[in-house]
There are 2 protein chains.
Amino acid sequence: MSATIKDVAQSAGVSFKTVSRVMNGEEGVRDSTRKKVQDAATTLNFQINTSARNLRRRGSNLIALIISNPSRSYIENIQIGAMEWCSRNGFHLVVEDVSAHPKGLSDLLSRGAMAGVILIPPMSDDPDIQRQLIDKSIPFVRIAPETANDKAPSVRIDDRAAAREMTKKLITLGHSRIGLITGPSEFGVSRNRLAGYRDALVESGLTIEETLICEGAFSYPSGQSCTSDLFDLPAPPTAIFASNDDMAAGAIAETYRRGIAVPADVTIVGYDDVAVASVISPPLSTVRQPLKDMAAQAAALLLARIRDAQSEPQHIILPHSLVMRASHGPCGKT
Amino acid sequence: MSATIKDVAQSAGVSFKTVSRVMNGEEGVRDSTRKKVQDAATTLNFQINTSARNLRRRGSNLIALIISNPSRSYIENIQIGAMEWCSRNGFHLVVEDVSAHPKGLSDLLSRGAMAGVILIPPMSDDPDIQRQLIDKSIPFVRIAPETANDKAPSVRIDDRAAAREMTKKLITLGHSRIGLITGPSEFGVSRNRLAGYRDALVESGLTIEETLICEGAFSYPSGQSCTSDLFDLPAPPTAIFASNDDMAAGAIAETYRRGIAVPADVTIVGYDDVAVASVISPPLSTVRQPLKDMAAQAAALLLARIRDAQSEPQHIILPHSLVMRASHGPCGKT
DNA sequence: GAGCTAATTGACAACGTTGTCAATTTGGGA
DNA sequence: TCCCAAATTGACAACGTTGTCAATTAGCTC
């Protein structure tokens, strides 16, 4: 086994408490002593024992990212952002798939195991999980919750405004029959984006046709099948707004399958601006949300709560933008 | 704070050692006692303290997945496979981006922090990391190493044979000028796939043209630019074999950009069979490797080494297959 | 160089669990 | 009823670190 603090202390000729002080970069150690200890630690290839440290400190250096459907490309960016933040701040990221946990997260959340938890949709809106976390007094942060509350900090973009803007953009292009592929209704973001879509139509004096609204699953195949349904309508839409890019990619595929051209015959836009958006053909016009930033900021807010559980939970709204690539165009039909 | 073992012991009227026994499902506890303890634990909402347990057991319930370029879709599947295995086996997965760690992984690998480590390309072939792990006697497993060794177990497919088969398939389709987009040469898998490509050409009596071989970066843009280079050749290839699907997607995009049709004018095939392969148009013909399985099996081999560091490292080769979707066709030109 | 204060260092307990081994209880046969 | 082996339970130390507080040392001033 590798060396302990006591080994280092003996080798450096000081007490093990002094070694501890050096290891934690505390003040009040003479420079000469510090050097002696550091040399001894290097020589012995000393690595601190995290379990002992965490036990004594009643803390942890682990942050959990709880996800439910690991194959969403959305998650990739969140994870990267969180991972980078953790690296820079002395934490490690534990990624846990709640859907693979039949009987809940009890062992993951065992006392002191996690310093904090990052929740993404749909868990951001799951009252069950949040109650568990509060019961165990584990700090957590919510990414893209439907609405902010005072239980935990949150980071989001203004989904309603973003969806409204994109819809208005389509209206400006001359589209009046705009299909909407929503996410699952248990996602707060789905509801917010739907609301933004409705806002735009109402503001523009257009009627909302419920048949133009199709609930997808944030997945590629669900984008295909919703699109198929929309095209089978007696009066199909001239533009389709998918609530994420995976579904937009599915929509484009289904459109092509039917021999319909994008964007010449139909406009298709997405949401998120993940990797697939710039990779498919035509490159997707979409709503960009700064997912990596959101994750990093969420981690930062979480840290504040880890440090002081009484601190006021902060709520950050990050800016979004419309990235208009090549999958949109003016409405051909009148 | 939540309850400790001693609280439960007091509440159940037994010694804390007995509670410990119940918590660990040990033999030799009377059923009535066990029940009493379990009830008390439930009432008090007892959660074991992982740090204390790990300290005393000199172990950990954490497995690290070390990655270097988090945006490769390959990683998604590996991670899902590893995560699921961890859930089922009482571990948690820590995902760590080594490229975000300027000064190495020392703190991640601090004594006892990780029960074991899963290495994927290119770290599977990185002697530095492996030496670090051996020095600290942290068990590890290698996914898709260039060659197996006796330091650690490994899981892979036969990349050379797979690349050979795919190349032969293209030859059978009548192609004789086959472009190869390799991965970076520091990836063992790149070298193995290149070797398989060469094997097939040689066995078929075709000459190997080095200009038809372009080194990519396993990324979409690198697939585009290699393809561009290949098409700019005086005698461009009639088929392109990309060493992963991301690059194949880039190749298809660049092909379309030039007004060339896939598969009518040129055949493009990939490698991995990740999500993008069935999502792009046309659906990609590719080599399928069972990434999730590979990760799960790797974790299992790792566990064997965690349990007994002296156990013989095992090496598993999983079957691959050719998934011929719609991006390939016979050679038009003679 | 004595005396004082501030800086530095050390002794010891505590964190919550599991391992070791001894003590106690149980159950069955004589 | 007593005795013995087996089953069950408990007492106590140990894991490696950090927090508390006391002890020691260094650096000044006079």
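Since the model is a prediction, treat every value here as computed from it, not as a measurement.
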Item to check | Test salt bridge (charged side-chain N to carboxylate O under 4.0 Å, His left out) applied to A:D39 and A:K36, step by step | outcome: CA-CA 5 Å; A:D39 288 350; A:K36 233 177 10 182; over 6 Å; no
Item to check | A:L93 and B:E96: CA distance, side-chain angles, deciding distance, side chain to side chain contact (heavy atoms under 4.5 Å, CB included) verdict | outcome: CA-CA 7 Å; A:L93 189 71; B:E96 201 82 17; 6.0 Å; no
Item to check | Audit row: B:I134, B:K151, side chain to side chain contact (heavy atoms under 4.5 Å, CB included) steps and yes/no | outcome: CA-CA 8 Å; B:I134 293 170; B:K151 305 290 187 221; 4.0 Å; yes
Next on the checklist: Applying side chain to side chain contact (heavy atoms under 4.5 Å, CB included) to A:L133 and A:L119, what does each step give before you reach the verdict?
Outcome noted: CA-CA 11 Å; A:L133 291 168; A:L119 257 27; 3.9 Å; yes
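Across the protein-nucleic acid pair, B:N54 atom CG and C:dC15 atom C1' stand 14 Å apart, rounded to whole Å. In this structure, B:I5 places its CD1 atom 13 Å from C1' of C:dC15, rounding to the nearest Å. Atom CZ of A:R56 and atom C1' of C:dG16 are 11 Å apart (whole Å). Computed from coordinates, the B:L55 CG to C:dA14 C1' distance equals 12 Å when rounded to whole Å. Per the geometry, CD belonging to A:Q47 stands 15 Å off C1' belonging to D:dT17, to the nearest Å. Atom P of nucleotide D:dT17 and atom CZ of A:R57 are separated by 11 Å, given to the nearest angstrom. Atom CG of A:N49 is separated from atom P of D:dA14 by 18 Å (rounded to the nearest Å).
For DNA chain D, the residues of residues 28-44 of chain B within the heavy-atom distance limit of 4.0 Å (strictly under) are B:G28, B:V29, B:R30, B:T33, sorted by number. Near DNA chain C, defined here as any heavy-atom distance below 4.0 Å, the residues from residues 16-27 of chain B are B:F16, B:K17, B:S20, B:N24, listed numerically.
Of the candidate nucleotides C:dG10, D:dG16, D:dT17, D:dT17 has the atom nearest to the side chain of A:K6.
The 12-atom threshold is exceeded at CD of B:Q38, counting heavy atoms of other residues, nucleotides or ligands nearer than 6.0 Å. Atom NZ of A:K292 is surrounded by 12 or fewer heavy atoms from other residues, nucleotides or ligands within 6.0 Å. Under a cut-off of 6.0 angstrom, the local environment of CD in A:Q314 is sparse, with at most 12 non-hydrogen atoms contributed by other residues, nucleotides or ligands.
Between the side chain of B:R53 and the base of C:dT17, no donor-acceptor pair of N or O atoms lies under 3.5 Å.
Distances shorter than 4.0 Å separate some side-chain N or O of B:R58 from OP1 or OP2 on D:dG16.
For the pair B:S51 and A:S60, the minimum side-chain heavy-atom distance is 4.5 Å or more.
For the residue pair A:N24/A:R57, the side-chain donor-acceptor check at 3.5 Å is satisfied.
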